[in-house]
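A short write-up of the structure that comes next.
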Amino acid sequence: MARVWKVLTRPLVIGALVVAVAAAAFGLYWFQPWKLWQDETVEESLPRAVETSAPPTAAPSETPSPSTGPQTLARGELISHEHATSGTVKLVRLADGSHVVRLENLDTSNGPDLRVWLTDQPVKEGRAGWHVFDDGQYVSLGKLKGNKGSQNYAVPDDIDPARYTSISIWCDRFDVSFGAAELDRA
């Protein structure tokens, strides 16, 4: 036992152990492998525009008012890239004119630093589609709220959603798409 203790207390061995522990800690932080077994489900309803009260009109309008509810402008089905991913994506214009990207029935793996991106790149099947979304124009709509469920992501007011053709669940840490959907205009 004394012989083992003598070897373990050498400066070179201590240094190697410190480096190994630091490398293991960094690897755990960087890859966050426990997230593969942690699911986070988020169920949000489609937001409604904030209604302001207007003064009543003197006479009822003769023409029927257009629908003031949310309108789906584009939709698509998520395909898998780096990780198995499924669900529906919708680009929705709300009654107040703002836009949201809605993920419905999302099911993907959890991972470190996942984002929802609105992009102008085409969706490609297989490995060819894993890394294309940061090659063109994209807008990060924020961190993925949960890897399962239905959720909404506001499109900034200064962004024209008509310029973008796809949505990606993007892992910013590893520059790879977990899954993506081509937006088919309604």
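The environment of Glu43 atom CD is dense: over 12 non-hydrogen atoms of other residues, nucleotides or ligands sit within 6.0 angstrom. Heavy-atom contacts from other residues, nucleotides or ligands closer than 6.0 Å to CG of Asp160 number more than 12. Remark: Arg185 CZ is packed, more than 12 non-hydrogen atoms of other residues, nucleotides or ligands lying under 6.0 Å away.
Under the side chain to side chain donor-acceptor pair (under 3.5 Å) criterion, Gln121 pairs with no residue at all, not counting sequence neighbours. For Trp117, the ring-ring contact (aromatic ring centres under 6.0 Å, His included) criterion is met by Tyr138, Trp170, not counting sequence neighbours.
Using a 4.5 Å heavy-atom threshold, the side chains of Leu118 and Tyr153 count as separate. Side-chain contact check for Asp175 versus Trp130: every heavy-atom pair is 4.5 Å or farther apart. The closest side-chain heavy-atom distance from Ile169 to Val116 is below 4.5 Å. Side-chain contact check for Asn152 versus Leu103: every heavy-atom pair is 4.5 Å or farther apart. Counting only heavy atoms from C-beta outward, the side chains of Leu141 and Pro156 approach each other to under 4.5 Å.
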Report task. Any chance you could lay out the side chain to side chain contact (heavy atoms under 4.5 Å, CB included) test for Leu144 and Leu106, step after step, and finish with the verdict? Result -> CA-CA 11 Å; Leu144 188 68; Leu106 174 66; 3.9 Å; yes

Query - Verdict with reasoning, Lys148 to Val42, per side chain to side chain contact (heavy atoms under 4.5 Å, CB included) - result: CA-CA 6 Å; Lys148 296 189 181 301; Val42 173; over 6 Å; no

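A donor-acceptor pair is defined here as one N or O able to donate and one able to accept, closer than 3.5 Å; such a pair exists between the side chain of Ser150 and the backbone of Asn105. Although no hydrogens or angles enter the test, the distance criterion places a donor-acceptor pair under 3.5 Å between the side chain of Asn110 and the main chain of Gln38. Formation of a donor-acceptor pair under 3.5 Å by the Ser177 side chain with backbone atoms of Gly179 is found in this model. When atom types are taken as modelled, the side chain of His81 and the backbone of Ser168 share no donor-acceptor pair closer than 3.5 angstrom.
Of all non-hydrogen atoms in Ala181 and Val123, the two that sit nearest each other are C-CG2, 3.5 Å. Pro70 and Pro47 make their closest contact through CG-O, 4.4 Å (heavy atoms, listed as atom of the first residue, atom of the second, distance). Heavy-atom minimum distance, Pro112 versus Cys171: O-SG, 3.3 Å. Across all their heavy atoms, Gly149 and Thr41 have their closest contact at CA-CG2, 4.3 Å. Listed here is the closest heavy atom pair of Asp134 and His131: OD1-O, 2.9 Å.
A salt bridge does not link Arg102 to Glu44: none of the charged nitrogens lies less than 4.0 Å from a carboxylate oxygen.
The distance from the CG atom of Asp172 to the OG atom of Ser140 is 6.5 Å, given to the nearest 0.5 Å. Atom OG1 of Thr119 sits about 10.5 Å away from atom CD of Gln137, to the nearest 0.5 Å. With rounding to the nearest 0.5 Å, the separation of CG in Asp107 from CG in Asn147 is 7.5 Å. With rounding to the nearest 0.5 angstrom, the CD1 atom of Ile159 is 11.5 Å from the NE2 atom of His99.
One hydrophobic cluster holds both Val139 and Leu183 under the rule that ILVMFWY side chains link at heavy-atom gaps under 4.5 Å. Tracing side-chain contacts under 4.5 Å through hydrophobic residues (I, L, V, M, F, W, Y), one never reaches Ile167 starting from Val132; they form parts of separate clusters. With hydrophobic clusters built from ILVMFWY side chains whose heavy atoms lie under 4.5 angstrom apart, Phe133 does not share a cluster with Tyr164. Hydrophobic clustering, with ILVMFWY side chains joined whenever heavy atoms are under 4.5 angstrom apart, groups Leu78 together with Val155.
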Distance-only donor-acceptor hits, side chain of residues 85-95, under 3.5 Å, sequence neighbours excluded:
unit_1	atom_1	unit_2	atom_2	d
Thr85	OG1	His83	O	3.0
Thr85	OG1	Thr108	OG1	2.7
Thr85	OG1	Phe178	O	2.9
Thr88	OG1	Glu77	OE1	3.4
Thr88	OG1	Glu77	OE2	3.1
Lys90	NZ	Glu104	OE1	3.3
Arg93	NH2	Gln71	OE1	2.7

